[in-house]
Amino acid sequence: MDPSKDLAAYGYGSVAWKERMESWKQRQEKLQTMKNEKGGKEWDDDGDNPDLPLMDEARQPLSRKLPISSSQINPYRMIIVIRLVVLGFFFHYRVMHPVNDAYALWLISVICEIWFGLSWILDQFPKWLPIDRETYLDRLSLRYEKEGQPSQLAPVDIFVSTVDPLKEPPLVMANTVLSILAVDYPVDKVSCYVSDDGAAMLTFEALSETSEFARKWVPFCKKFNIEPRAPEFYFAQKIDYLKDKVEASFVKERRAMKREYEEFKVRINALVAKAQKVPEEGWTMQDGTPWPGNNVRDHPGMIQVFLGQSGGHDSDGNELPRLVYVSREKRPGYNHHKKAGAMNALVSVIRIHLSWVSAVLTNAPYLLNLDCDHYFNNSKAIREAMCFMMDPLIGKRVCYVQFPQRFDGIDRHDRYANRNTVFFYINMKGLDGIQGPIYVGTGCVFRRLALYGYDAPKAKKPPTRTCNCLPKWCCCGCCCSGTKKKKKNTKPKTELKKRFLKKKDAGTPPPLEGIEEGIEGIETENPTPQHKLEKKFGQSSVFVALTMLEDGGTLKGTSPASLLKEAIHVISCGYEDKTEWGKEVGWIYGSITEDILTGFKMHCHGWRSIYCIPARPALKGSAPINLSDRLHQVLRWALGSIEIFLSRHCPLWYGYGGGLKWLERLSYINATVYPWTSIPLLAYCTLPAVCCLLTGKFITPELSNVASLWFLSLFICIFATSILEMRWSGVGIEEWWRNE
């Protein structure tokens with residue numbers, strides 16, 4: 001538009017648009033003034049008002065998708081399609097031109113090539129829709145942490161699992177716990193539970209020492225805002241630690257804290273040295289009684305609160321997050337299901353235990369599980385996850401938020417490919433654009449309802465338009481403005497909420513049709529009989545009642561003694577018998593890679609997951625440092641995938657008719673069949689070469705010009721796909737080649 005001309009020179013449309021914009025701005029300013037005059041009180045926070053002031057930052061989305069640019073992704077997709085066509089012609093040529101002199105070898109080679117083609121399809125097409133994501137931590141704070149009011153951020157339970165303190169050093173576990181206790185999150189909203197599946201007194205004593213050191217370490221971290229908040233890795237950083245530090249006392253306090261940490265390490269090392277020689281009569285506690293876990297395979301359940309019930313304050317008098325030690329019961333003759341069983345024991349005990357610790361605490365609707373060697377490298381990692389979980393637009397359908405795995409101690413060339421860069425930056429981004437990444441076993445924030453085996457809430461679809469008329473905000477008339485409109489639900493939201501709360505108090509489980517902010521037409525399911533809930537969750541009326549509290553809350557009229565008794569009961573060996581734990585509820589049993597199976601079941605229930613990659617890595621862990629450990633890890637993953645493939649949960653035939661999208665199913669099929677590729681790969685590489693060497697016969701006939709063209713085109717497409725894949729993902733050629 002020419003600024004020298006009057007807008008009327010461009011016609012009625014431009015003038016009308018100017019008038020509408022001025023009217024809209026005046027209305028927005030008026031609404032903002034009304035909100036300021038009321039001080040935010042009696043203001044409709046549901047987001048249904050069409051005249052809502054859009055400049056209010058607290059009402060903006062907490063996250064957004066960042067699609068890959070079309071200049072990068074469209075050529076990639078074109079090459080995939082071309083490669084698929086070329087692959088079809090290649091197979092046509094191979095099948096139509098058999099080698100009669102070596103027919104058996106030719107047939108084996110063609111079968112292997114077809115398997116390789118199918119494997120490529122299973123791996124390639126789940127990468128069709130890769131995306132990035134961005135979070136807005138400032139909006140999260142504006143929305144849920146209003147000045148002068150208690151924080152409205154959701155509580156989070158953090159699980160740390162460990163088994164053998166001699167293989168998983170207590171100092172590593174201590175650093176993980178310290179980084180958890182020092183996270184940038186309201187202290188009354190964080191609870192750390194350490195699951196000791198080996199019932200080791202060394203772990204118990206190390207955790208006691210850690211809780212004492214945390215009283216000094218946590219206030220130091222928060223006062224000077226240091227990163228990372230695991231002391232071993234903070235003091236080992238080779239950076240300028242004075243950067244951005246302006247307080248004169250920092251250097252002095254840092255030196256004092258480093259000395260305190262070194263003394264703490266000496267105490268932990270002394271415990272480890274003492275544990276090397278076990279007394280013949282077993283370990284004894286300070287009061288002279290035998291340690292209950294002297295027999296690792298036969299001991300009662302144990303729960304110990306180190307921080308949270310009394311004395312949970314730091315050296316400055318501020319409250320600390322809760323820290324609890326849990327060791328489930330072990331008895332001979334029971335299948336304890338390794339890590340999956342330990343996680344399910346924690347899910348059960350925490351619901352009851354939180355009510356026991358304090359009458360004012362709420363049961364956390366979210367939980368994060370970590371291996372004992374994964375510490376918080378980013379103190380705001382929980383907030384990053386809450387930007388998705390608590391987002392009013394997408395949060396209700398999210399079952400978990402998965403962080404990528406990062407590792408310390410890897411050599412510069414990463415000779416054993418521990419970083420898994422291609423998987424975490426290509427495959428997982430592709431899955432995030434479909435239904436979400438798979439669960440990789442650690443660094444994952446779960447929605448508790450999804451772990452309980454419920455279906456994802458289904459948002460009511462808006463009514464479809466039946467004509468091609470213009471939108472109602474258009475200044476022109478609508479061709480069907482006189483048509484009869486559907487009758488809307490005129491009941492106020494307060495009445496719907498009252499009906500929902502009434503049903504909830506009557507003893508119903510959490511509604512499977514979740515409540516979305518700004519969505520009308522809420523429906524709840526019929527109440528479930530008590531005996532069915534006990535059959536699903538186990539014979540604990542307290543736990544069953546707590547599962548009904550979707551967004552927190554505690555039971556009234558229960559004593560700490562009765563709650564402690566229930567907590568011990570739910571971690572007993574026989575509690576899960578004849579229930580759905582491990583089948584439909586909690587971590588799923590049946591494979592040593594319980595992570596893939598658990599995430600698969602959630603996606604089959606219609607949930608979606610989110611892949612979160614903060615600018616500063618959220619978590620870091622320890623990777624295998626030698627070839628033997630790395631091969632053992634890869635073998636374990638392969639055996640777990642084979643177990644899933646041979647089970648009833650195989651994605652080839654399980655979960656149809658549910659909420660699993662077909663591209664997501666392809667990724668799970670690929671995750672379970674990839675170990676079988678070793679068989680055709682071995683046959684394809686050895687048999688033809690050996691036969692050619694011994695008999696002089698080859699599996700490929702003489703190539704014509706057309707056949708040579710298909711072979712050449714296939715190789716060009718393979719290289720082009722890899723190059724374009726590295727281009728949109730940002731993965732370097734060295735990382736890609738190492739993965740290959």
Side-chain angles (χ1 to χ4, degrees), residues 156-163 165 167-185 187 190-196 203 206-207 209-222 224-239 241 257-258 260-262 264-265 268 306-307 320-325 339 367-385 401-410 418-420 424 440-445 612-625:
V156 179
D157 297 328
I158 303 177
F159 298 173
V160 179
S161 58
T162 183
V163 180
K167 294 181 179 179
E168 300 166 336
L171 188 62
V172 174
M173 181 269 296
N175 273 270
T176 298
V177 172
L178 289 169
S179 70
I180 293 171
L181 298 178
V183 293
D184 183 5
Y185 206 73
V187 293
V190 178
S191 301
C192 176
Y193 292 81
V194 178
S195 170
D196 179 16
T203 303
L207 206 57
E209 289 286 349
T210 303
S211 65
E212 291 300 318
F213 179 70
R215 301 177 194 274
K216 303 173 184 178
W217 173 251
V218 173
F220 171 76
C221 293
K222 295 187 176 181
F224 298 107
N225 194 28
I226 66 169
E227 296 283 1
R229 298 188 177 181
E232 181 71 22
F233 302 96
Y234 170 68
F235 291 120
Q237 290 183 114
K238 296 180 179 180
I239 61 172
Y241 63 84
M257 184 53 60
K258 187 174 183 180
E260 291 281 355
Y261 177 63
E262 289 172 350
F264 168 73
K265 288 176 66 175
I268 295 294
F306 287 107
L307 298 173
L320 288 171
R322 288 160 292 283
L323 176 60
V324 184
Y325 171 89
K339 180 181 176 180
L367 54 92
L368 184 155
N369 84 293
L370 295 174
D371 290 340
C372 66
D373 60 346
H374 276 70
Y375 66 92
F376 274 89
N377 183 65
N378 183 347
S379 62
K380 298 183 184 295
I382 299 179
R383 293 177 179 268
E384 295 276 357
V401 176
Q402 178 67 61
F403 293 107
Q405 291 186 9
R406 303 285 185 86
F407 301 101
D408 285 314
I410 299 177
N418 281 305
R419 292 192 180 95
N420 290 323
F424 283 113
V440 297
T442 184
C444 189
V445 181
C612 180
I613 310 178
R616 179 181 178 87
L619 304 160
K620 282 191 175 182
S622 302
I625 59 175

Just wondering, do [Y] and [X] contact through their side chains at under 4.5 Å, heavy atoms?
{"X": "Val218", "Y": "Leu178", "answer": "no"}
{"X": "Ser161", "Y": "Asp371", "answer": "yes"}
{"X": "Glu232", "Y": "Leu171", "answer": "yes"}
{"X": "Leu207", "Y": "Phe306", "answer": "yes"}
{"X": "Phe235", "Y": "Glu262", "answer": "no"}
{"X": "Pro617", "Y": "Phe403", "answer": "no"}

Checklist entry - Please walk me through it: do Val445 and Ile382 pass side-chain contact (heavy atoms from CB on, under 4.5 Å)? => result CA-CA 8 Å; Val445 181; Ile382 299 179; over 6 Å; no
Next on the checklist: Below 30° counts as parallel, above 60° as perpendicular, anything between as tilted: where do the rings of Phe407 and His374 land?
Outcome noted: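 The rings of Phe407 and His374 stand perpendicular, inter-plane angle above 60°.
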Checklist entry - So Phe213 and Trp217, would you call those rings parallel, tilted or perpendicular, with 30° and 60° as cut-offs? => result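 Ring orientation, 0 to 90° scale: parallel.
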Checklist entry - Given the rule in the side-chain contact (heavy atoms from CB on, under 4.5 Å) test, do Val160 and Ser195 qualify, once you have shown the distances and angles that lead to the verdict? => result CA-CA 6 Å; Val160 179; Ser195 170; over 6 Å; no
Would you confirm whether [X], through its side chain, and [Y], through its main-chain N or O, come within 3.5 Å as a donor-acceptor pair?
{"X": "Glu168", "Y": "Val163", "value": "yes"}
{"X": "Glu384", "Y": "Ile613", "value": "no"}
{"X": "Arg406", "Y": "Lys620", "value": "no"}
{"X": "Thr203", "Y": "Asp196", "value": "no"}
{"X": "Arg616", "Y": "Asn377", "value": "yes"}
{"X": "Asn378", "Y": "Lys380", "value": "yes"}

Checklist entry - Is it the case that more than 12 heavy atoms not belonging to Lys222 sit under 6.0 Å from its NZ atom? => result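 It does: Lys222 NZ has more than 12 such atoms within range.
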Next on the checklist: Phe220 vs Ile226, test: side-chain contact (heavy atoms from CB on, under 4.5 Å). Steps then yes/no.
Outcome noted: CA-CA 8 Å; Phe220 171 76; Ile226 66 169; 3.8 Å; yes
Provide the closest heavy-atom pair for [X] versus [Y] in the form atom of the first, atom of the second, distance.
{"X": "Lys216", "Y": "Glu260", "value": "NZ-OE1, 3.1 Å"}
{"X": "Asn369", "Y": "Gly441", "value": "ND2-O, 2.9 Å"}
{"X": "Pro170", "Y": "Ile268", "value": "CB-CG2, 4.2 Å"}
{"X": "Arg215", "Y": "Leu320", "value": "CG-CD1, 4.0 Å"}
{"X": "Arg419", "Y": "Phe424", "value": "O-CD1, 3.5 Å"}
{"X": "Thr210", "Y": "Ala174", "value": "OG1-CB, 3.3 Å"}

Strictly by modelled atom types, are [X] and [Y] linked by a side-chain donor-acceptor pair under 3.5 Å?
{"X": "Tyr193", "Y": "Asp157", "answer": "no"}
{"X": "Glu227", "Y": "Ser379", "answer": "yes"}
{"X": "Asn175", "Y": "Tyr261", "answer": "yes"}

Return the [atom1] to [atom2] distance between [X] and [Y], rounded to the nearest 0.5 Å.
{"X": "Met173", "Y": "Asp373", "atom1": "CE", "atom2": "CG", "value": "12.0 Å"}
{"X": "Tyr375", "Y": "Leu619", "atom1": "OH", "atom2": "CG", "value": "9.5 Å"}
{"X": "Arg229", "Y": "Ser179", "atom1": "CZ", "atom2": "OG", "value": "10.0 Å"}
{"X": "Thr442", "Y": "Leu368", "atom1": "OG1", "atom2": "CG", "value": "7.5 Å"}
{"X": "Lys167", "Y": "Cys372", "atom1": "NZ", "atom2": "SG", "value": "12.5 Å"}
{"X": "Phe159", "Y": "Ser191", "atom1": "CZ", "atom2": "OG", "value": "9.5 Å"}

Checklist entry - Stepwise, does the side-chain contact (heavy atoms from CB on, under 4.5 Å) test hold for Val194 with Thr176? => result CA-CA 10 Å; Val194 178; Thr176 298; over 6 Å; no
Next on the checklist: Among Val183, Leu181, Asp184, which residue satisfies the side-chain contact (heavy atoms from CB on, under 4.5 Å) criterion with Phe376?
Outcome noted: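 Exactly one candidate clears the test, Val183.
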